Amino acid sequence: MTPLGAEIAALIRQNGPIGVDRYMALCLGHPVHGYYRTRDPLGAQGDFTTAPEISQMFGELLGAWTAYVRGSIGAPDPLLLVELGPGRGTLMADALRALRAALPGVRVAPHLVETSPVLRAAQARALSGTGAVWHDSVDTLPEGPTIILANEFFDCLPVRQFERRPSGWHERQIGLDSAGGLAFGLSPEPVPGLVADGPDGALMSVPAAGLALIRALARRLVSGGGALLVVDYGHVRPGFGDTLQALAGHRFADPLAEPGEADLTHHVDFAALAQAARAEGAAIHGPVDQGDFLAALGLGARAERLRARANPAQVTAIDAAVTRLTDPGRGGMGRLFKVLAVSGPSLGPLPGFPAP
């Protein structure tokens with residue numbers, strides 16, 4: 001058992017089973033053994049690869065999107081540009097380069113919400129000289145019109161899970177099996193007030209942390225202006241099923257096998273996020289498939305410009321990146337990944353989204 005696994009087992013022995021949300025929070029954010037506190041998980045030597053690491057085109061197109069939205073929110077100078085969970089800083093660096101080209105002379109104030117000391121160090125290297133400011137949470141962000149980018153961020157926020165039984169919805173928990181190992185189980189009593197329809201045995205995920213965050217961001221955008229762009233893998237219609245998963249070495253793993261040594265994520269419920277933001281008075285754009293979104297922003301034209309000054313090996317890499325980012329089939333991100341924008345209610349149509 002990993003050091004964190006032993007600590008969680010001791011916690012369960014002392015206080016009883018814990019919810020999936022607490023388990024995720026411990027595995028990813030434990031101050032000593034948490035997955036994101038101890039490593040750079042990205043790239044071939046890590047556990048997964050995100051779109052900004054696949055190609056500079058992804059961040060550049062989001063930078064172009066940001067330049068357009070800035071004009072729609074009153075052209076603030078400086079522009080407050082926030083990224084949630086900014087990885088190695090690659091997306092922000094590429095977006096800033098595109099912004100400098102599109103808006104020469106306009107000041108941009110990059111703010112990054114990041115808790116991992118390892119990733120903060122990588123971000124500092126990538127964003128040296130940009131004046132970037134780091135935050136542990138969105139609570140300390142400065143006020144004013146803001147554009148917020150969140151690529152593969154909501155999928156790692158803790159979720160609660162519930163299983164339908166004849167007596168009602170019981171919370172899925174992590175306890176100990178007869179050998180002392182971690183094992184899934186259910187709370188003995190149903191959860192009061194949870195009355196969603198579902199067949200016996202159905203598993204439902206409730207992204208409590210994600211819903212709380214998007215409500216807070218929506219209130220900020222409604223009162224202060226701006227937009228939030230969410231890019232993540234997930235679904236647009238509510239449904240049942242277990243989407244909790246672990247990734248280690250670019251392969252799926254048992255979520256309970258090595259706490260703190262594998263990334264834990266879940267499919268984002270875009271319908272729930274949209275509903276929560278709309279309830280705060282925000283405008284909703286999308287969600288749309290990532291492939292369609294990038295195509296509408298001009299991915300094809302950007303790839304062609306890069307090919308024009310590339311050698312044969314680079315052309316092959318550019319073509320592979322376009323396929324990876326937009327292919328709707330298995331192995332591609334084009335359909336599995338969705339894009340949702342949340343904005344103040346007065347903001348009109350946004351690039352990449354169909355007009356209402």
Side-chain angles (χ1 to χ4, degrees), residues 50-52 54 57-59 61-66 68-69 72 82-85 91 95 146-157 159 204-222 226-241 243-245 265-299 324-345 347-356:
T50 60
I54 292 171
M57 295 181 287
F58 183 82
L61 290 175
L62 267 58
W65 185 89
T66 300
Y68 178 94
V69 175
S72 301
V82 174
E83 187 178 357
L84 309 180
L91 190 159
T146 309
I147 297 176
I148 306 169
L149 307 177
N151 179 64
E152 293 202 48
F153 178 77
F154 279 86
D155 66 277
C156 29
L157 296 181
V159 294
M204 176 174 62
S205 295
V206 177
L211 295 177
L213 176 60
I214 206 163
R215 289 189 191 105
L217 294 177
R219 290 193 293 270
R220 176 192 176 95
L221 297 173
V222 168
L228 161 69
L229 190 71
V230 178
V231 186
D232 225 315
Y233 72 96
H235 51 271
V236 298
R237 295 180 182 85
F240 300 114
T243 66
L244 177 68
Q245 61 186 33
T265 67
H266 60 89
H267 284 220
V268 173
D269 186 342
F270 281 93
L273 293 183
Q275 182 179 9
R278 190 180 287 113
E280 300 295 336
I284 302 301
H285 312 260
V288 298
D289 291 347
Q290 176 177 291
D292 294 337
F293 179 77
L294 295 178
L297 293 187
L299 176 62
R324 179 84 179 275
L325 292 171
T326 63
D327 194 325
R330 185 177 179 83
M333 304 171 72
R335 183 171 296 160
L336 175 62
F337 279 70
K338 315 293 182 187
V339 186
L340 172 75
V342 178
S343 72
L347 205 60
L350 297 178
F353 300 96

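As the structure is a computational prediction, the values presented were derived from the model and not from experiment.
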When rounded to the nearest 0.5 angstrom, what is the spacing between [atom1] in [X] and [atom2] in [Y]?
X	Y	atom1	atom2	value
Q275	I284	CD	CD1	10.5 Å
D292	T326	CG	OG1	9.5 Å
T66	E83	OG1	CD	10.0 Å
M333	L294	CE	CG	9.0 Å
L221	I148	CG	CD1	5.0 Å
L325	F293	CG	CZ	12.5 Å

Within the distance-only criterion (no hydrogens, no angle test), does the side chain of [X] pair as donor or acceptor with the backbone N or O of [Y] below 3.5 angstrom?
X	Y	answer
H266	L157	yes
D232	F154	yes
E280	A216	no
D289	G291	no

Hey, does [Y] have a side-chain heavy atom less than 4.5 Å from the side chain of [X]?
X	Y	value
Q290	L336	no
K338	V268	no
L217	V342	no
L211	L273	yes

Closest contact, heavy atoms only, [X] versus [Y]:
X	Y	answer
A150	L228	CB-CD1, 4.3 Å
A283	G344	CB-O, 3.7 Å
L350	A341	CD1-CB, 3.9 Å
V230	F270	CG1-CE2, 4.0 Å
A227	V69	CB-CG1, 4.0 Å

Taking only residues two or more places apart in sequence, or in another chain, which ones meet E152 in a salt bridge (Lys or Arg N to Asp or Glu O under 4.0 Å)?
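None.
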
Which class fits the ring pair H285 and F353: parallel under 30°, tilted 30 to 60°, perpendicular over 60°?
tilted

